[in-house]
Structures are given as structure tokens and as C-alpha cells.
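Beneath this line is the structure, given in C-alpha cells, with notes to follow.
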Amino acid sequence: EADIYQTPRYLVIGTGKKITLECSQTMGHDKMYWYQQDPGMELHLIHYSYGVNSTEKGDLSSESTVSRIRTEHFPLTLESARPSHTSQYLCASSEVTSGVRREQFFGPGTRLTVL
Amino acid sequence: GNSVTQMEGPVTLSEEAFLTINCTYTATGYPSLFWYVQYPGEGLQLLLKATKADDKGSNKGFEATYRKETTSFHLEKGSVQVSDSAVYFCALSEAGGFKTIFGAGTRLFVKA
């Protein structure tokens with residue numbers, strides 16, 4: 001079944017730890033995205049990718065980094081987590097089309113708490 | 001630049017009440033318009049979409065019509081259920097663009 005997966009679903013860690021949030025999709029989509037969702041629900045785009053070896057920063061500045069070595073995999077890394085990084089992180093993907101703009105498919109999210 | 005504005009919540013309704021969540025947008029060209037729903041503890045999922053003016057998107061009893069003259073895409077449902085309690089996001093996908101622009105979200109509570 002085509003889907004988009006995120007692990008872990010919940011993560012509680014101490015300040016200064018390095019973490020990687022995993023995102024994988026089985027739909028063969030070229031476009032992938034990372035959003036940060038604050039408690040007020042608003043979504044902020046922090047990274048996106050057009051395809052393999054392509055990554056771009058989003059609208060909200062973030063200390064995280066991403067990589068795209070394989071089409072299906074788009075991990076997000078924080079080298080040194082801080083309490084200000086506590087948030088919900090959502091991964092999404094969509095098709096590349098030249099005509100109609102397609103919807104995005106979202107993973108279930110990772111809720112990160114940094115103590 | 002392009003933007004989406006949706007009504008602030010929370011919206012609290014009794015079961016079987018009529019729902020309207022207002023959404024207006026600013027965009028150049030002809031964007032596609034979407035409503036997404038986020039249930040507690042989950043990611044967003046597409047509820048309905050419309051790709052051109054006067055299109056009506058519908059799903060699970062929800063409807064929204066792409067109104068170019070009023071730059072609106074209001075979400076409606078004739079009779080809400082407790083299971084409709086969620087956060088609803090209006091969004092647009094720019095013509096020729098890459099990103100989707102989301103509204104701030106409207107939380108809906110439906111009481112039995």
C-alpha cells in the first residue's frame with residue numbers, strides 16, 4: 001500500500017543530543033517537504049526537496065538539516081537539540097506535474113520534546 | 001505574495017448543526033484550492049479539492065466551491081457529527097509554483 005511513514009512518533013530527549021527524524025514514502029513522489037507545526041496549529045515549511053540530491057530551505061528558518069540521497073527517504077537531523085526545538089514535525093510528499101497542482105500526502109508526524 | 005486566510009476558531013457546534021468555515025485567498029494566476037483535515041495525533045489528510053473556478057469539491061458530506069470572483073473557498077457541511085471534530089486547513093497550490101500555502105487552521109468541536 002502506498003503510504004508515507006515517520007519514525008519515531010514520539011521522542012523525548014535531553015538538550016545537546018543529536019537526533020534524526022525519519023521520513024519515507026512508497027509512492028515514488030519526487031517532491032518532499034518538512035513542516036514544523038506549533039501548538040497553535042499553524043504549519044511552517046522548514047525544508048523541501050525537488051528530488052534526489054536537491055534540498056532547499058523553507059520559509060521558516062530552522063537549525064535542522066535534511067538530505068535526499070534516495071527518492072523515498074528524506075531524513076531531518078538536529079545536530080544539537082534545544083528546548084526551543086520542541087514541536088510537532090510533519091513530513092509530506094507530492095507528485096511533480098506540469099499541469100494541475102497536486103495535493104500533498106502527509107505522514108503521521110513526530111512529536112519532539114527537548115528537556 | 002500569495003496567502004490564505006481562514007476563520008479563527010475554535011468553532012463549537014452541536015451534533016447535526018450546519019457548519020461553515022470561511023476561507024479567502026490571495027493569489028496570482030489560477031491556483032488549485034484544497035481543504036485538509038487533521039484528526040488528533042495524526043498528520044493532515046486531503047478532504048477535498050478544486051482545480052478551477054466554479055469547481056465544487058466534495059467528500060464525506062463536506063463541500064466547497066472555488067469562487068474566483070470573491071476569492072473564496074468556504075467549507076460547508078449540512079449536518080456535523082462528533083467524529084468531525086478536528087482541525088481544518090484551507091490551502092492553495094500556486095500556479096507554476098512548488099509550495100502549498102496553508103491557512104492557520106480552524107479547530108472544530110462537535111458536542112453530542
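Throughout, a chain's letter reflects where its sequence line sits, starting with A, and its residues are numbered from 1.
- Residues of residues 40-47 of chain B lying within less than 4.5 angstrom of chain A, judged on heavy atoms, are Gly41(B), Glu42(B), Gly43(B), Leu44(B), Leu46(B) in numerical order.
- Shown here for Phe89(B) and Gln37(A), the closest heavy-atom pair between the two residues is CZ-NE2, 3.5 Å.
- A continuous path of ILVMFWY side-chain contacts below 4.5 Å connects Met7(B) to Leu48(B), so both sit in one hydrophobic cluster.
- Hydrophobic clustering of Ile, Leu, Val, Met, Phe, Trp and Tyr side chains at less than 4.5 Å, counting indirect connections, unites Val37(B) with Ile21(B).
- No single ILVMFWY cluster, assembled from side-chain heavy atoms under 4.5 Å apart, contains both Val87(B) and Phe62(B).
- When the side chains of ILVMFWY residues are joined at heavy-atom separations under 4.5 Å, either directly or via intervening members, Met32(A) and Leu60(A) end up in a single hydrophobic cluster.
- Annotation: Gln81(B), atom CD; neighbour count of heavy atoms from other residues, nucleotides and ligands within 6.0 Å is above 12.
- Annotation for Glu69(B): atom CD counts as buried by contact number, over 12 foreign heavy atoms lying within 6.0 Å.
- Counting heavy atoms of neighbouring residues, nucleotides and ligands inside a 6.0 Å radius, atom CG of Leu115(A) exceeds 12 of them.
- Note: the hydrophobic cluster containing Val66(A) also contains Leu112(A) (ILVMFWY, side chain heavy atoms under 4.5 Å, direct or indirect links).
- Counting non-hydrogen atoms of neighbouring residues, nucleotides and ligands closer than 6.0 angstrom, the NZ atom of Lys17(A) reaches no more than 12 such neighbours.
- Lys99(B) contributes atom NZ, which lies 12.0 Å from atom NZ of Lys31(A) (distance to the nearest 0.5 angstrom).
- Heavy atoms of Tyr33(A) lying under 4.5 Å from chain B belong exclusively to its side chain.
- Nearest heavy-atom pair, Thr100(B) versus Tyr35(A), reported as atom, atom and distance to 0.1 Å: O-OH, 4.3 Å.
- For Arg111(A), no part sits under 4.5 Å from any heavy atom of chain B, backbone or side chain.
- Within the 3.5 Å criterion, the main-chain N or O of Glu103(A) finds no donor-acceptor partner in the side chain of Tyr36(B).
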